[in-house]
J.: 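Input: one structure, supplied below.
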Amino acid sequence: MIFTPEKCRIPDQRMKPFIDADELWEILNETKSDKQAVREVIAKSLDKKRLTLRETAVLINANDPELIEEIKEGARELKKRVYGNRIVLFAPLYVGNKCTNNCKYCGFRASNKEAIRKTLSDQELVQEVEALEDNGQKRLILVYGEHPEYSADYIAHTVRTVYGVKKGPGEIRRVNINAAPLEIEDFRKVKEAGIGTYQIFQETYHPEAYKNYHLGGKKRNFEYRLTALDRAQEAGIDDVGIGALFGLYDWRYEVLGLVRHTNHLEACYHVGPHTISFPRIQNASKLDLGTDYTVNDEDFARLVAILRLAVPYTGMILTARENPGLRHEVIQFGVSQIDGGTKLELGSYSNSINEAQDLNREQFQINDNRSLNEIIEELFENDYLPSFCTACYRLGRTGEHFMEFSVPGFIKRFCSPNAMLTLAEYLEDYAPANTKQRGWEVIDKNLSDLQQYPDAVNINELRNRLERVRAGERDIYF
Ligand code: SAM
Ligand code: SF4
């Protein structure tokens with residue numbers, strides 16, 4: 001083990017609420033931050049060790065612009081050193097927006113009478129998936145409101161339906177879900193359907209603030225949501241994603257909340273979250289939060305860098321909520337997954353009559369409307385290697401993010417080669433001619449970079465497999 005989970009405060013913390021707001025505030029208020037302390041903490045993180053809450057607070061409390069720059073530089077360095085240049089691509093797919101909850105920030109909230117409700121029929125779901133496959137997507141996250149119609153059986157059914165759609169060379173190889181918390185037996189049902197990650201955001205880790213935003217419905221229960229991933233783990237789902245909705249409460253506190261949640265999962269289940277998300281509040285139909293915890297762009301970049309350093313071996317997801325310029329900036333601080341070609345309106349991948357967003361049909365506004373191909377081209381421009389890899393999940397190599405981090409050479413033997421193979425499929429099957437040409441140059445460059453490392457994959461074997469992809473073979477991976 002290269003990390004030392006903090007000890008549980010109670011002997012068995014499983015299924016028990018683990019957030020103590022006073023404790024988190026005390027840590028924030030009492031932790032001093034100076035140059036030396038900040039540098040020591042960054043060095044610990046670069047040594048691939050997860051930070052404690054107090055060490056994270058040292059970074060959070062560093063307000064000197066020079067130190068903030070050092071934190072960002074540390075995050076950049078950690079990303080480069082540990083993860084290399086791969087960025088995994090996915091798309092969200094909204095399946096149904098009926099909802100019995102009243103979350104103040106969300107366009108789907110039950111009290112929003114302007115919202116236009118829809119649940120995709122099986123046929124519409126298939127059409128959406130076909131359209132996504134036609135764009136070259138291989139990884140989806142299905143999103144649902146909280147409603148009796150969206151039972152575990154229904155969710156499992158939609159996941160199976162998505163896996164069953166094969167259009168031309170297209171297929172979805174990994175289906176993640178973002179859905180309301182379930183009971184243990186219901187988590188078992190969605191696991192059996194073959195989900196990848198089960199993702200759920202706590203929204204805010206502050207219990208009092210939570211009450212102010214969640215005015216009705218089951219989601220009002222802070223603790224039931226907080227322990228959702230415990231129940232998922234008890235059901236055997238060890239691949240989970242956490243997140244906080246930034247803009248509901250003080251961002252400093254939320255960062256500690258996310259780290260505490262990570263500690264909790266590590267301490268109780270010996271596996272931290274696969275991914276952390278850090279959505280920022282965007283405009284939504286009739287949005288009126290009544291508070292102002294807006295996180296500005298500077299603080300946003302800063303918090304992403306701090307999270308990268310605090311949980312070095314956890315994947316980080318940045319979505320199309322943010323505009324292209326900011327995404328470009330923030331990716332370098334340690335993001336490992338982004339969405340591309342995102343559309344939020346139900347049914348709009350296959351039927352995009354409305355190019356402009358209609359907030360009454362969507363959960364919130366997005367600020368990056370670029371197609372998947374445009375996103376890929378930008379990644380090329382910035383020396384990233386786009387990846388659609390799903391190998392670990394399909395080979396049962398769970399905890400892959402941790403392996404990337406802790407198994408020497410893992411990235412060079414598995415992740416980078418698989419990124420190239422899946423990118424090659426995209427180039428051959430879906431890319432316009434100029435992207436295809438540029439993409440093969442990118443692959444060549446990455447191949448020769450890889451060649452320098454003695455612990456990398458066998459380059460001749462990788463070349464051979466890339467040629468097989470060019471010749472029409474699909475789904476080859478290490
Ligand atoms: N109904 C499920 C639930 O509440 O867990 C699905 C969640 S929702 C479809 C996905 C996430 O979008 C929410 O958990 C929330 O963090 C985020 N979200 C909601 N409203 C938002 C807004 N106005 N701006 C940005 N993100 C928002
Ligand atoms: Fe419903 Fe989720 Fe929106 Fe809350 S965030 S109103 S639970 S869809």
Side-chain angles (χ1 to χ4, degrees), residues 92-119 140-152 154-155 158 176-182 190 197-205 209-222 224-229 232 240-249 254 257-258 275-291 293-295 300 317-323 339 342-346 357 359-368:
L93 172 54
Y94 279 72
V95 179
N97 70 354
K98 294 185 182 171
C99 196
T100 49
N101 292 325
N102 251 318
C103 311
K104 260 181 146 178
Y105 43 81
C106 176
F108 296 162
R109 66 194 178 280
S111 65
N112 184 8
K113 301 297 171 224
E114 308 284 314
I116 298 160
R117 309 281 168 183
K118 184 171 176 61
T119 303
L140 300 183
I141 181 155
L142 306 188
V143 187
Y144 313 76
E146 179 159 5
H147 191 272
E149 265 184 38
Y150 311 144
S151 64
Y154 175 76
I155 293 173
T158 55
N176 300 331
I177 63 170
N178 180 315
L182 300 172
V190 296
T197 306
Y198 168 67
Q199 183 191 63
I200 184 171
F201 304 154
Q202 185 59 27
E203 319 297 9
T204 169
Y205 284 93
Y210 187 94
K211 264 190 230 147
N212 293 336
Y213 296 110
H214 300 99
L215 304 178
K218 280 192 182 165
K219 192 166 166 181
R220 227 177 124 63
N221 187 334
F222 176 85
Y224 187 70
R225 195 166 180 92
L226 191 65
T227 50
L229 296 181
V240 298
I242 65 173
L245 181 53
F246 283 89
L248 296 183
Y249 191 60
E254 303 294 13
L258 288 165
T275 53
I276 290 194
S277 299
F278 29 87
R280 211 166 38 147
I281 288 278
Q282 306 298 326
N283 195 17
S285 173
K286 305 264 166 326
L287 180 73
D288 180 11
L289 285 183
T291 53
Y293 286 102
T294 309
V295 180
F300 186 65
I317 302 180
L318 176 68
T319 68
R321 289 176 180 84
E322 305 299 340
N323 67 51
D339 52 344
T342 293
K343 292 186 181 175
L344 297 195
E345 185 173 327
L346 284 101
Q357 276 190 268
L359 289 183
N360 289 332
R361 295 174 187 273
E362 304 182 20
Q363 196 183 17
F364 50 81
Q365 177 156 357
I366 56 168
N367 292 297
D368 188 349

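Note that ligands are numbered from 1 as they come in the structure, with each ligand's atoms numbered from 1 the same way.
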J.: Check each atom of ligand 1 against the heavy atoms of V143 and keep those under 4.0 Å away; list them by number with element.
T.: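 Matching atoms, with element in brackets: 9 (C).
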J.: Just which atoms of ligand 1 are under 4.0 Å from any heavy atom in C106?
T.: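 Going through ligand 1 atom by atom, the ones under 4.0 Å from C106 are 20 (N).
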J.: May I ask you to decide if T197's main-chain N or O and N176's side chain share a donor-acceptor pair within less than 3.5 Å?
T.: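 Between the backbone of T197 and the side chain of N176 there is a qualifying donor-acceptor contact (under 3.5 Å).
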J.: Judged by modelled atom types alone, do T119 and Y154 share a side-chain donor-acceptor pair under 3.5 Å?
T.: no
J.: Heavy-atom contact under 4.0 Å between Q363 and ligand 2?
T.: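 Yes.
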J.: To which protein heavy atom is atom 8 (S) of ligand 1 closest, and what is the distance rounded to 0.1 Å?
T.: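 Here the closest protein heavy atom is Q363 NE2, 2.8 Å.
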J.: Which ligand 1 atoms does I281 reach within 4.0 Å, using its non-hydrogen atoms?
T.: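 Checking each atom against I281, I get 24 (N), 25 (C).
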J.: Could you identify the single nearest non-hydrogen protein atom to atom 21 (C) of ligand 1 and state the distance to 0.1 Å?
T.: F364 CD2, 3.5 Å
J.: Hey, does N212 have a side-chain heavy atom less than 4.5 Å from the side chain of T204?
T.: no
J.: Which atoms of ligand 1 have any heavy atom of K219 under 4.0 Å away?
T.: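 Listed by number with element, the hits are 3 (C), 4 (O).
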J.: Can you check whether N283 has an N/O within less than 3.5 Å of an N/O in ligand 1?
T.: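 N/O-N/O distance below 3.5 Å does not exist for this pair.
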J.: Distances under 2.8 Å only: what protein N/O/S atoms are near atom 4 (Fe) of ligand 2, ordered by chain and residue?
T.: C103 SG
J.: Do any heavy atoms of Y144 fall under 4.0 Å from ligand 1?
T.: yes
J.: Compare every heavy atom of T227 with every heavy atom of Y224, then report the nearest pair and how far apart it is.
T.: O-OG1, 3.4 Å
J.: Would you say the side-chain atoms of N360 pair up with the backbone N or O of I116, donor to acceptor, closer than 3.5 Å?
T.: no
J.: Distance to 0.1 Å, residue and atom name: give those for the protein heavy atom nearest to atom 12 (O) of ligand 1.
T.: R321 NH2, 3.1 Å
J.: Of the side chain and backbone of R225, name the one, both, or neither that has a heavy atom under 4.0 Å from an atom of ligand 1.
T.: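 It is the side chain that touches ligand 1; the backbone stays farther off.
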J.: Tell me, which protein residue and heavy-atom name are nearest atom 7 (C) of ligand 1, and how many Å apart are they?
T.: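 Among all protein heavy atoms, the one nearest atom 7 (C) of ligand 1 is N178 OD1, 3.3 Å.
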J.: Take every heavy atom of Q365, measure it against each atom of ligand 1, and state whether any distance is under 4.0 Å.
T.: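 Contact absent.
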J.: What residue and atom, counting heavy atoms only, is the protein's closest point to atom 16 (O) of ligand 1, and at what distance?
T.: E203 OE1, 2.5 Å
J.: Heavy atoms only, cut-off 4.0 Å: how does Y105 contact ligand 1, side chain, backbone, both, or neither?
T.: both
J.: Which atoms of ligand 1 have any heavy atom of G145 under 4.0 Å away?
T.: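 Those of ligand 1 that fall under 4.0 Å from G145 are 1 (N).
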J.: Going by distance only, is there an N or O of Y94 that falls short of 3.5 Å from an N or O of ligand 1?
T.: no
